[in-house]
Amino acid sequence: MEAQVVFCDDDLLCPQCSGVYSYPVLLKCGHNICRVCLQTFWELKGSRECPVCGALSVLGRPPINLQLKIAAEEYRTQKAVKCPDICALHNQKLQVFCENDEEVICLVCRTSKSHKIHQCCPMEEAAEEKKKEVTSKLENMKKKLKLLNKRHEEWKETKNYIQTQTLQSEGAIREEFEKLRVFLQDEEESRLTLLRQERDVKTGVLSEKIQDIQKQIKSVAALIDHIEATLSQKDLPFLQNYKETKIRAKENIHEPLCVRDILINSAKHLGILKFEVWKKMGNTVKSAPITFDPNSAQSNLSFSDELTCVQYGCRQSVPDNPERCVNRVCVLGTPGFSSGRHSWTVDVGQGRNWYIGVARESIQRKNTVFLDPNEGFWVIGQTSGDSYWAQTPNRTSLVVKQKPERITVELDYGKGKVVFINNTDMTIMHTFRDKFTEKIFPYFSPGLYEKGKISSPIIICAQTINISME
């Protein structure tokens, strides 16, 4: 076994650059030189002489002195631990920051071939600049963490609300089925199963998303703690860890996406429930062509069990899901239409300050907008006592001979027409003409509660349909 050679500190210094050896090569004369130093010397000299004694070297590449290389690396490592502010290569104080390599170097390194053409600056200036850079990324990270926490709370509230919706819908379903209990037992259990399956699917989706966002929050919070700890370090250790810190600060933090259509589809489970069941019995039943969609309703609106009557009332605790309108006291109907001709009759009763009509799917539901076609609304309303208006860009006053209590809305999607008919005298109150390019939904606003008066509901009138079974 070859005996291990022990080197003193002077033995580890290159005679050419006076620094600790970097890949030392052993010449035939017995002298050791850094590989880069030797190559540079030979290029300048024009001959293969030893820089120490001038002896000519044989042709070929001199071998690396592995024992000396290992000893130099160990010495450099120990030196870096004992003297972290001293350059391991040149035994000089670290004073300069190389922008290209993003590392702290000494003045000798600055003039060396490795860094000569690189952009460098004093260590203090670099530390101040890089701390500002990382701080900016940290602030953005904190904002995203705040958004993640907010969305996390919203999703937890939505998950709880789904349970509430499920209970409310289940109660309404049971009440309706109780009226037909004799021959509707099987149908009742079938619909409850569908409701619970939807609940399980949607709460399962939210459970997974909540778990994912909790993991993401924990990860981002840990990363922020790490970066903050790094920023509190002194300049040298901070810059020595800068590469890693910069990479971690660039980690892509995905913003949580809105979860659409996550609430229980109450319109599907409750809308015209008796008609859908009664149709199977082959008897005559009353049916409304559309129903209200409570998932799109402003929080002060309440509905009848079959979702054909809406009324302003006390504020309810509902999630701010993407489909919900919060900018006005209104609700959309379901289904929406993207073709064909459709009509429905609305009982506005003796109410005031109501609006009815249609709206496109992409309307602003969270921000205040004007009720006119430019914003995606084609509606009429009654305001200021007994005044009726078509909500055109400049508002159009409507002349009404007899006060309407029921108004029929006729939508012709292909021709781009919305017609409002006063059922009292069957006169046309107003006609909108436009070009529809997306799905259109019925629009309703029952008006705000007036002090000392009871809010008047808006009702979608039922149609009488004869069903013949074969």
Side-chain angles (χ1 to χ4, degrees), residues 286 288-292 297-298 300-301 303-304 308-313 325 327-333 337 341-360 363 369-413 415-436 440-464:
K286 291 184 178 181
I290 59 172
T291 58
F292 299 114
Q298 194 268 349
N300 285 90
L301 297 180
F303 302 89
S304 62
T308 56
C309 177
V310 61
Q311 190 168 7
Y312 181 84
C325 298
N327 58 342
R328 290 181 178 272
V329 181
C330 64
V331 61
L332 299 182
F337 308 108
R341 299 174 62 183
H342 311 273
S343 68
W344 55 92
T345 300
V346 181
D347 189 339
V348 296
Q350 300 297 319
R352 296 186 175 186
N353 299 320
W354 47 260
Y355 291 99
I356 61 172
V358 298
R360 64 186 178 209
I363 57 171
V369 292
F370 295 102
L371 289 178
D372 63 51
N374 292 331
E375 301 289 348
F377 299 87
W378 295 268
V379 302
I380 66 170
Q382 188 253 32
T383 59
S384 304
D386 291 329
S387 299
Y388 298 87
W389 302 85
Q391 295 301 113
T392 55
N394 295 320
R395 294 186 71 192
T396 301
S397 178
L398 304 181
V399 178
V400 177
K401 294 181 179 179
Q402 296 187 42
K403 181 178 180 179
E405 293 187 6
R406 291 190 174 188
I407 299 174
T408 296
V409 182
E410 294 184 348
L411 168 66
D412 190 327
Y413 190 98
K415 293 184 178 180
K417 288 201 314 180
V418 185
V419 182
F420 297 86
I421 300 173
N422 183 351
N423 282 26
T424 304
D425 55 13
M426 300 308 295
T427 57
I428 296 177
M429 300 177 67
H430 187 74
T431 300
F432 285 98
R433 297 181 184 274
D434 213 323
K435 183 178 180 180
F436 302 135
I440 300 297
F441 288 86
Y443 177 90
F444 308 90
S445 176
L448 297 175
Y449 175 80
E450 295 184 33
K451 187 176 181 180
K453 298 182 180 180
I454 298 175
S455 176
S456 180
I458 283 182
I459 302 171
I460 299 173
C461 298
Q463 298 174 332
T464 300

Query raised in the report: Between the side chain of Asn422 and the main-chain N/O of Gln402, is any donor-acceptor distance below 3.5 Å?
Result: yes
Query - Nearest-0.5 Å distance that lies between atom CD1 in Ile356 and atom CD1 in Ile380 - result: 5.0 Å
Report summary line: All heavy atoms of Asp372 vs all of Asn374, minimum pair found to be OD1-N, 2.8 Å
Query - Side chain to side chain, Arg328 and Tyr443, heavy atoms closer than 4.5 Å - result: yes
Query raised in the report: For Trp344 and Pro289, which heavy atoms make the closest approach, and how far apart are they?
Result: CB-CG, 3.5 Å
Report task. Report yes if some heavy atom in the side chain of Pro446 is under 4.5 Å from a heavy atom in the side chain of Ser456; otherwise report no. Result -> no
Requested in this report: Check whether any side-chain heavy atom of Ile290 sits under 4.5 Å from a side-chain heavy atom of His342, and report yes or no.
Outcome: no
Requested in this report: Calculate, to the nearest 0.5 Å, the distance between atoms CD and OG1 belonging to Glu410 and Thr431 respectively.
Outcome: 9.0 Å
**Report entry** Shortest non-hydrogen separation from Phe292 to Phe303 and the atoms involved
**Finding:** CB-CE2, 3.5 Å
Query raised in the report: What distance do Lys415 atom NZ and Phe436 atom CZ have between them, rounded to the nearest 0.5 Å?
Result: 13.0 Å
**Report entry** With Tyr388 via side chain to side chain contact (heavy atoms under 4.5 Å, CB included) - residues at least two apart
**Finding:** Trp354, Gln382, Leu398, Val400, Lys403, Pro404, Met429
Query raised in the report: Considering residues at least two apart in sequence or located in another chain, which fulfil the side chain to side chain contact (heavy atoms under 4.5 Å, CB included) criterion with Arg406?
Result: Thr345, Asp347, Asn423, Cys461
Report summary line: Output for pair (Phe441 CZ, Ile363 CD1), nearest 0.5 Å, gives 9.5 Å
Query - Minimal non-hydrogen separation, Trp389 against Gln391, with atom names - result: CB-OE1, 3.8 Å
Report task. Search all heavy atoms of Leu411 against all heavy atoms of Ile440 and return the closest pair with its distance. Result -> CD2-CG2, 4.2 Å
Report task. Report the C-alpha distance between Thr383 and Arg395 in whole Å, list the side-chain angles of each, state the deciding distance to 0.1 Å, and finish with yes or no for side chain to side chain contact (heavy atoms under 4.5 Å, CB included). Result -> CA-CA 12 Å; Thr383 59; Arg395 294 186 71 192; 3.3 Å; yes
Query raised in the report: How long is the gap from CD1 on Ile407 to CZ on Phe420, to the nearest 0.5 Å?
Result: 8.0 Å
Report task. Report the C-alpha distance between Trp378 and Val409 in whole Å, list the side-chain angles of each, state the deciding distance to 0.1 Å, and finish with yes or no for side chain to side chain contact (heavy atoms under 4.5 Å, CB included). Result -> CA-CA 11 Å; Trp378 295 268; Val409 182; over 6 Å; no
Query raised in the report: Do Phe337 and Val358 come close enough that some side-chain heavy atom pair is under 4.5 Å?
Result: no
Report task. Please report the closest heavy-atom contact between Ser445 and Ile458, naming both atoms and the distance. Result -> O-CD1, 3.6 Å
